[in-house]
Amino acid sequence: MAAYSVPPVEELLSKRVQEMVFHGEEPRGPYICRSGDDVDGKEDIMDTSPIPLIDLNLLSSSTTSDNERKQELEKLGSALSSWGCFQGIAHGISASLLDKIRQVSREFFNQPMEEKNKYAKSVVDFQGYGADPVPEQGQSLDWSDRLFLEVFPEDGRQYNLWPQIPISFREVLEDYSEKMKMVTEITSKAMAKSLKLEENCFLEQFGKQAQLHARFNYYSPCQRPDLVLGLKPHADGTGYTIILQDEVGLQVLKDGKWYTVPNNPTALIVLMGDQMEIMSNGIFKSPVHRVVSNSDRDRISIAMFYTPELGKEIGPEDELVNVDRPRVYKKVTDYAETHWKFYQRGMRALHTAHI
């Protein structure tokens, strides 16, 4: 078999995974991050996931009985301290809007390359269409493509990077983003109440100019899913992340086992990020997660990253620090930047905030 040289990472990143699959190319070089044995049982993967379902309407409705609300808050607190995530239902976003945001995502990625490349980013930029910026040497590449856009604060929107086709893309994303702001408010208040804190305390830490970024992910099928990952294992540097998916593929690590998150078409998956673990003084967990590839089908997901406003100091809530639970984390500012530097090296950054 003839030997061939693997192109440099920058060259590989300048070509979309979707394009490689279209041309029948197999993964090579830094895309290969697994031994090929993982799928044959050497990795502990649980096909069914007991990730808790949380009814957000029970937590926010004025008609909910005190007992129902108390039970759901206890369930939420338990989910976030053990799993670091939950599946949110009855969140107030209509099924038709969820379908629309999935539809415009798929329509965008199904366009010819020349149309998508109108919104292309460089290999070092964040916003726009392409792949994540070039990782440090020796790190693997993800078998996926993405469109990354800032949606809040509104003055951070770069509309030149928002697709004009499909025509409804901008309107649907703006509508979805407004609804997502409401979900973050409900969720942040509920998390505070689950810890018996004043309900606005986390919202105040995020700030009035809290950031919300939308990441549209396209996971192409791969003939060798045992060699690649759609997204490498990591924890998020956000406050928390809210994910909508159309197929299974997302997995969460708990007690050394990977659990596949089920595909519930009307549920939003809420994953704690490192900054929420810091604010809760280590009570809530920021879970490691990844996305596996599939040989038969593609997958779309829309992740909304909710992060404190730029330049705002965050830290453990004072009421969560006491004799029984000393302060675990110090106050930090713009932690997401620190997180990214470590992510590029394939490492977590949470230790940098430890006391």
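Since we're looking at a predicted model, the values are computed, not measured. These numbers come from the heavy atoms of this one structure, side chains and all, not from hydrogens, waters or symmetry mates.
Checked against the 6.0 Å centroid threshold, Tyr240 and Phe284 do not count as a close aromatic pair. In this structure, His213 has its ring center no closer than 6.0 Å to that of Phe126.
A donor-acceptor contact closer than 3.5 angstrom is absent between the side chains of Asp236 and His339. Side chains of Glu317 and Gln205: a donor-acceptor N/O pair is present below 3.5 angstrom, by distance only. For the residue pair Gln18 and Lys116, a side-chain donor N or O sits within less than 3.5 Å of a side-chain acceptor on the partner. Under the 3.5 Å distance criterion, with hydrogens and angles disregarded, no donor-acceptor pair is assigned to the side chains of Gln223 and Ser295.
Evaluated for a salt bridge (Lys or Arg N to Asp or Glu O under 4.0 Å) with Glu174, the options Lys179, Lys181, Lys100, Arg157 yield exactly one hit, Arg157. Test Asn217, Ile51, Ile243 against Leu250 for side-chain contact (heavy atoms from CB on, under 4.5 Å) and you get one pass: Ile243.
For Arg215 and Phe305, the positive end is not near the middle of the six-membered ring at less than 6.0 Å and at most 45° from its axis. By the 6.0 Å and 45° rule, Arg102 does not stack over the aromatic ring of Phe216.
Salt bridge annotation for Lys75-Asp55: absent, with no cationic side-chain nitrogen under 4.0 angstrom from a carboxylate oxygen. A salt bridge is defined here as a Lys NZ or Arg NE, NH1 or NH2 lying under 4.0 Å from an Asp or Glu carboxylate O, and Asp226 with Arg34 fails to meet this definition. Look at Glu74 and Lys70 and you find a salt bridge, because one of the NZ, NE, NH1 or NH2 atoms lies within 4.0 Å of a carboxylate O, short of that distance. Ion pair Asp145/Lys15 not flagged as a salt bridge, since none of the NZ, NE, NH1 or NH2 atoms sits closer than 4.0 Å to an Asp/Glu carboxylate oxygen.
Residue Ala131 comes nearest to Arg16 through the heavy atom pair CB-NH2, 3.3 Å, listed as atom of the first residue, atom of the second, then distance. Ala353 and Val332 get closest at one heavy-atom pair: CB-CG1, 3.8 Å. Across all their heavy atoms, Leu244 and Pro265 have their closest contact at CD1-O, 4.1 Å. Residues Trp83 and Pro52 approach most closely at CD1-CD, 3.7 Å, considering heavy atoms. Minimum interatomic distance between Asp142 and Lys232 (heavy atoms only, all atoms of both residues): OD1-N, 2.9 Å.
Trp143 places a side-chain N or O within 3.5 Å of a backbone atom of Pro221 that can act as its donor or acceptor partner.
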